[in-house]
> 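If you scroll down you'll find the structure; I have some questions about it.
Given the structure is predicted, the values throughout are model-derived calculations rather than measurements. In the text below, chain A, chain B and the rest are named by the order of the sequence lines, each starting its count at 1.
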There are 2 protein chains.
Amino acid sequence: MPELTERAQFLLKALTERYIREGQPVGSRTLARDAGLRLSPATIRNVMADLEELGLVSSPHTSAGRIPTVQGYRVFVDTLLSVKPLDDALLNELRTNLDADSESRDLVATVSSLLSDATRLAGIVTLPRRKHASLQRVEFLPLSEKKVLAILVISDKEVRNCILRTEQAYSAAELQQYSNFLNQQFAGRDIDDVRGRLLSELRETRETLDRMMATALQMADQVLGQAEQGSDYVLAGQTNLMEFQELCNVATLRHLFEAFNEKRQILHLLDQCVENEGVQIFIGEESGYQMLDECSLVTAPYSVDGQVLGVLGVIGPTRMAYERVIPIVDATARILSAALNSRNKAPY
Amino acid sequence: MPELTERAQFLLKALTERYIREGQPVGSRTLARDAGLRLSPATIRNVMADLEELGLVSSPHTSAGRIPTVQGYRVFVDTLLSVKPLDDALLNELRTNLDADSESRDLVATVSSLLSDATRLAGIVTLPRRKHASLQRVEFLPLSEKKVLAILVISDKEVRNCILRTEQAYSAAELQQYSNFLNQQFAGRDIDDVRGRLLSELRETRETLDRMMATALQMADQVLGQAEQGSDYVLAGQTNLMEFQELCNVATLRHLFEAFNEKRQILHLLDQCVENEGVQIFIGEESGYQMLDECSLVTAPYSVDGQVLGVLGVIGPTRMAYERVIPIVDATARILSAALNSRNKAPY
DNA sequence: TGTTAGCACTCCCGGTCAATGAGTGCTAGA
DNA sequence: TCTAGCACTCATTGACCGGGAGTGCTAACA
């Protein structure tokens, strides 16, 4: 946008800020007073006409003031925004409330609440999912005649268990043997890797090797299959969204909440943010999903050892206090990453 | 209500049914046509005046029809309602969709969805919580230097694990020893019982016995303490509630959804239904909670071996199709109980 | 050439008003 | 005991009007 004069930029900024604050279309008279430039309303009107032609502002009807369009917000966020430094009290609160020792799921839930409390919007955090997680160990325990409890230790904070139904009964000793065997073979290896090997070994050795190994492999495969599909997120403070007038009609809310329940679409959107480093923002229709047409999504990925594990962010109305929200999201992502890192470094 | 003539009862029933169907206040003319009695509107009006005096119906304003009051619904539900027999297709769907082998939490989530789908309302199911669960066994696995994974097997479908931080490092062998010891001592016993013993033993033997046992007891106590607090429920289909006009203002919805998130109040209400056997209904303000003023709650407890484990039900607007909803809730509770029972009987 | 004052115009919003229609309470008669 | 009739009440709807806020345009001014 090099065509934008400095004055136009300044006014767009002032207009957007005021609109975000007040929620009302901003007229030329108000803007003249508000902006502090010693210009008459008439002059402002001329500038506004230019901005409107560029598609950065629009008026809901002829005799209302102007409001920023999605493109207007875009320019505002990308080039005009002066981000507020995060206030220390809040930063401390974020830090101290993160108990780095809790399990992933709880940790994620906490972060989600923190985000929603700090911004008064809806907080969202995906569960950490590492592309290359290594398997620390496997255990099998007999539950009842044909049920086996499989426990999969991935790291010192990620444990999954699932109940397997088996064709026949196995004794504790047998199961012990199986898990020993598997741990010997696979402990410390990448999970995808393990799965690949399992499959190929299963095929190869079906007849030749003894039954024990086949069973062990089969079980392990079952567990891994179930463990892997856990792409999910935790949402908090949805009800905060009900406070905003622009979202306050039931149809809009319904679509939004249904999307939250469905998860699929939201997840897909969040996935797009994984690649981007740092804060990423979707404004209104930019997301490409209808139910988010009147919302913005501010996200940031979090990571351990340079490997991105997930995305966190907030969802709120397009008209949100970006200059406050952006640093919060940014900081939270850093703090979460740090928390995950520090405990990951604990020696085994 | 012996003062109610047969005719008055019949008309109250007709009025309530019509109002539930149409959602509009019912006038005397309509009712005269609808009820099939060969009475003129004027006569009906007289009866209505009586019903109004008894507090069973009311009119939103002078020249509108009548709608049932909470007391009116009460009489309707308690004495007038003709419950529809459940249609077999639905029954089958409920049965087949319950995978009796999944874990409690998943099972509960499924039931919740089934309820909400079948009724087009919000389904709610509390997690099973047995007063006297017996401990099947305990396992400890080393995770990292000062972290231990504790696994608590309660039944062949209920497993809890939690990560303990310990003061010092323990070897796999040590942990094995501990769990062996605990299993020997406590396997098969009631969990509360176990906890009590743990505490007393801890006190008694602090100095006398060897450190191993003390640690084992301490760990077990930690796990049990964490495992027990799990009073919770799973909700499904909240968004269904947004379809109803009477709930369609944002303030009402907000209170409702906030209560859903809080859980405390709802849980308290559900707890009251545990004692009652069979379907229990709270209509409007009867619940005593403001956010449910315009809602009704239809619940039924589910149980295994005559022991009530939890409550399930649906939440919807006061104006709901009770004659359809009640049998669904009832049947679902039975089916869930049966499912839990059958698999519980599997020999160990 | 950029800025400003003035002015006519547009459109939303809130209030008033009257017509309509649904439904009621009451009364008198069958 | 029931019913027909009638006057009355009240929500809803649509039309209308005036005020207010803000605009675009034009012409004058620095």
> Would you tabulate the pairs of protein nitrogen or oxygen atoms and nucleotide nitrogen or oxygen atoms of nucleotides 2-5 of chain D closer than 3.5 angstrom?
from  : atom 1 : to    : atom 2 : distance (Å)
D:dC2 : OP1    : B:R7  : NH2    : 2.4
D:dC2 : OP2    : B:R7  : NH1    : 3.4
D:dT3 : OP2    : B:S40 : N      : 3.2
D:dT3 : OP2    : B:T43 : OG1    : 2.6
D:dG5 : O6     : B:R45 : NH2    : 3.2

> Answer with yes or no whether the side chains of B:R254 and A:T239 bring together a donor and an acceptor at under 3.5 Å.
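Absent: no donor and acceptor within the cut-off.
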> Grab the CG-C1' distance between A:D50 and D:dT23 for me, whole Å please.
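The distance from CG of A:D50 to C1' of D:dT23 comes to 15 Å, rounded to the nearest Å.
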> Let me know the distance between CG of A:L11 and C1' of C:dT3, rounded to the nearest Å.
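After rounding, the gap between these two atoms is 14 Å.
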> A:Q238: what forms a side-chain hydrogen bond (donor to acceptor under 3.5 Å, both in side chains) with it, not counting sequence neighbours?
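Applying side-chain hydrogen bond (donor to acceptor under 3.5 Å, both in side chains) to A:Q238 gives none.
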> Mind calculating the distance between CD (A:Q24) and P (C:dC12) to the nearest angstrom?
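Between P of C:dC12 and CD of A:Q24: 15 Å.
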> Output the rounded distance in Å from CD (A:E53) to P (D:dT23).
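Distance check: A:E53 CD to D:dT23 P gives 16 Å.
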> If I take atom CD1 in residue B:I44 and atom P in nucleotide C:dG23, what distance separates them, rounded to the nearest angstrom?
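My rounded result for the distance is 13 Å.
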> With a 4.0 Å cut-off on N to O distance, would you call B:R120 and B:E243 a salt bridge?
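Result for this pair is yes, salt bridge flagged.
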> Among side-chain atoms of A:S116 and A:S113, is any donor-acceptor pair under 3.5 angstrom?
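Distance-only check fails for A:S116 and A:S113.
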> Starting at CE of A:M48 and ending at C1' of D:dG22, how long is that distance when rounded to a whole Å?
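So the CE-C1' distance, A:M48 to D:dG22, works out to 13 Å.
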> Is B:R66 close enough to C:dA22 that one of its side-chain N or O atoms is under 4.0 Å from OP1 or OP2 there?
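For B:R66, the contact criterion (side-chain N or O under 4.0 Å from OP1 or OP2 of C:dA22) is not met.
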> Just by distance, no angles: are the side chains of A:Y73 and A:S296 close enough, under 3.5 Å, to form a donor-acceptor pair?
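No donor-acceptor contact under 3.5 Å links the two side chains.
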> Please give, in whole Å, the distance from C:dG23 P to B:L31 CG?
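Taking atom P of C:dG23 as the reference, CG of B:L31 is at 11 Å.
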> With a 3.5 Å cut-off and no angle check, do the side chains of B:N249 and B:T252 form a donor-acceptor pair?
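Side-chain D/A pair, B:N249 to B:T252: present.
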> Looking at B:S28, I'd like to know whether one of its side-chain N or O atoms comes within less than 4.0 Å of OP1 or OP2 on C:dT24.
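Checking C:dT24 against B:S28, a side-chain N or O does come within under 4.0 Å of OP1 or OP2.
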> A:R29 has an atom CZ; how far is it from atom C1' of C:dA5, in whole Å?
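To the nearest whole Å, that distance equals 12 Å.
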